[in-house]
Amino acid sequence: MRKGKVQYYNTLYQITRTITSTLDLDEVLKLITENTVKTMGVKACSIRLINEDKKTLRIASAYGLSEDYLKKGAVEIDKSLIDAEVLKGNIVKIKDATTDPRFQYPEEAKKEGIKSVLCVPLQLKDRIIGVMRVYTDKPRTFAKSEVEFLTALASSAAIAIENARLYDLLRREYSKLYNDFMQWYDSWSVAVSR
């Protein structure tokens with residue numbers, strides 16, 4: 001087995017272990033973006049999630065991108081043709097983000113030193129919740145193994161996001177039930193003591 005594939009498997013293994021051992025979403029997503037950059041030898045990685053308005057994508061995690069680039073403006077799905085395509089379940093490869101008309105912010109990509117981009121969907125069964133991207137600083141043709149690796153990581157990220165969301169929902173529901181019970185108990189205690 002080639003060194004690259006072994007490294008891909010090791011990274012997937014480490015990320016899967018982290019996902020199953022913590023519900024700290026920020027920690028998991030940071031680990032995913034950082035290890036993606038190191039394993040694939042790319043400039044940067046980002047994970048963006050669909051906002052409630054279903055019109056924009058918000059940054060959930062990024063590694064290797066400057067604050068200026070991250071604050072360049074909202075990624076509007078109808079203006080970012082690559083994201084619109086990825087949100088339909090397609091994988092998108094861009095050879096040069098500074099000249100590709102599908103890229104929403106080509107000037108900002110040029111300032112950031114971004115050349116090639118690989119985008120994959122964050123998918124849970126039949127529902128897509130966002131996109132994962134890797135960025136290079138030199139033109140690059142992404143190999144099939146790189147696409148498969150990033151797709152596997154995106155699946156892991158989607159599972160982590162869903163697990164954290166469900167845990168948070170459960171925690172809030174439990175807290176609400178507990179508070180309701182305590183209010184009832186306090187009222188009942190006052191009524192019994194009269």
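- With sequence neighbours left out, Asp126 forms a side chain to side chain contact (heavy atoms under 4.5 Å, CB included) with no residue at all.
- In this structure the side chain of Glu146 never reaches within 4.5 angstrom of the side chain of Val134, judged on heavy atoms.
- In terms of the side-chain hydrogen bond (donor to acceptor under 3.5 Å, both in side chains) criterion, residue partners of Lys38 (sequence neighbours excluded) are, by chain and number, Glu34.
- Within the model, atoms CE of Met40 and CG of Leu150 stand 5.5 Å from one another, a figure rounded to the nearest 0.5 Å.
- Arg48 pairs by the salt bridge (Lys or Arg N to Asp or Glu O under 4.0 Å) definition with nothing, not counting sequence neighbours.
- For Glu162, the salt bridge (Lys or Arg N to Asp or Glu O under 4.0 Å) criterion is met by Arg127, Arg165, not counting sequence neighbours.
- Leu81 is not listed as a side-chain neighbour of Pro101, based on a closest heavy-atom distance of 4.5 Å or more.
- The environment of NZ in Lys110 is sparse: at most 12 heavy-atom neighbours from other residues, nucleotides or ligands sit within 6.0 Å.
- Put simply, CG on Leu49 and CD1 on Ile161 are 4.5 Å apart, with the number rounded to the nearest 0.5 Å.
- Partner of Val75 under the side-chain contact (heavy atoms from CB on, under 4.5 Å) criterion, out of Thr56, Asn51, Leu57: Leu57 alone.
- The pair Lys72-Glu112 fails the salt-bridge criterion, with no side-chain N (NZ, NE, NH1 or NH2) lying under 4.0 Å from an Asp/Glu carboxylate O.
- With values rounded to the nearest 0.5 angstrom, Thr36 atom OG1 is found 7.0 Å from Ile47 atom CD1.
- Side-chain N/O atoms of Lys95 and Thr141 include a donor and acceptor closer than 3.5 Å.
- Partners of Lys55 under the side chain to side chain contact (heavy atoms under 4.5 Å, CB included) rule, at least two apart in sequence or in another chain, are Asp53.
- With sequence neighbours excluded, the residues forming a side chain to side chain contact (heavy atoms under 4.5 Å, CB included) with Ala152 are Leu12, listed by chain and number.
- Looking only at side-chain heavy atoms (C-beta outward), Ile32 and Ser61 stay at 4.5 Å or farther from each other.
- A chain of hydrophobic side-chain contacts below 4.5 Å, direct or via other Ile, Leu, Val, Met, Phe, Trp or Tyr residues, connects Met132 to Leu124.
- Residues Val120 and Leu153 have side chains not in contact (no heavy-atom distance under 4.5 Å, counting atoms from C-beta outward).
- In this structure, the separation between CZ on Arg58 and CD on Glu52 is 7.5 Å, given to the nearest 0.5 Å.
- Applying the salt bridge (Lys or Arg N to Asp or Glu O under 4.0 Å) rule to Lys144 yields the partners Glu148; only residues at least two apart in sequence or on another chain are considered.
- When all heavy atoms are compared, the tightest approach of Ser46 to Ile59 is CB-CD1, 3.8 Å.
- A single hydrophobic cluster is not seen to contain both Ile50 and Ile129; linkage of ILVMFWY side chains at heavy-atom distances under 4.5 Å, directly or through other members, places them apart.
- The ring pair (Phe, Tyr, Trp, His ring centres under 6.0 Å) contacts involving residues 103-158 comprise Tyr8-Phe149, where partners must be two or more places apart or lie in separate chains.
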Output, in order, the C-alpha distance, side-chain angles, deciding distance and verdict of side chain to side chain contact (heavy atoms under 4.5 Å, CB included) for Lys93 and Ser116. CA-CA 8 Å; Lys93 301 174 193 176; Ser116 298; over 6 Å; no
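- Applying the side-chain hydrogen bond (donor to acceptor under 3.5 Å, both in side chains) test to Glu108 and every residue at least two apart in sequence or in another chain returns nothing.
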N/O donor to acceptor pairs below 3.5 angstrom from side-chain atoms of residues 82-89, sequence neighbours left out:
residue, atom, partner, partner atom, Å
Asp83, OD1, Arg133, NH2, 3.1
Asp83, OD2, Ser80, OG, 2.6
Asp83, OD2, Arg133, NH2, 2.5

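- Under the rule for a salt bridge (Lys or Arg N to Asp or Glu O under 4.0 Å), the partners of Asp100 that lie at least two apart in sequence or sit in another chain are Arg102.
- Atom-to-atom distance recorded for Glu27:CD and Lys30:NZ is 9.0 Å, nearest 0.5 angstrom.
- Atom CG of residue Asp78 and atom CD of residue Gln104 lie 8.5 Å apart, to the nearest 0.5 angstrom.
- Hydrophobic clustering places Leu118 together with Leu122 (ILVMFWY residues linked when any side-chain heavy atoms are closer than 4.5 Å, directly or through intermediates).
- Both Val42 and Leu29 belong to a common hydrophobic cluster when Ile, Leu, Val, Met, Phe, Trp and Tyr are linked at side-chain heavy-atom distances under 4.5 angstrom.
- By the rule that hydrophobic residues join a cluster once side-chain heavy atoms approach within less than 4.5 Å of another member, Val37 and Ile114 end up as members of separate clusters.
- For Lys115, the side chain to side chain contact (heavy atoms under 4.5 Å, CB included) criterion is met by Asp96, Thr98, Thr136, Pro139, not counting sequence neighbours.
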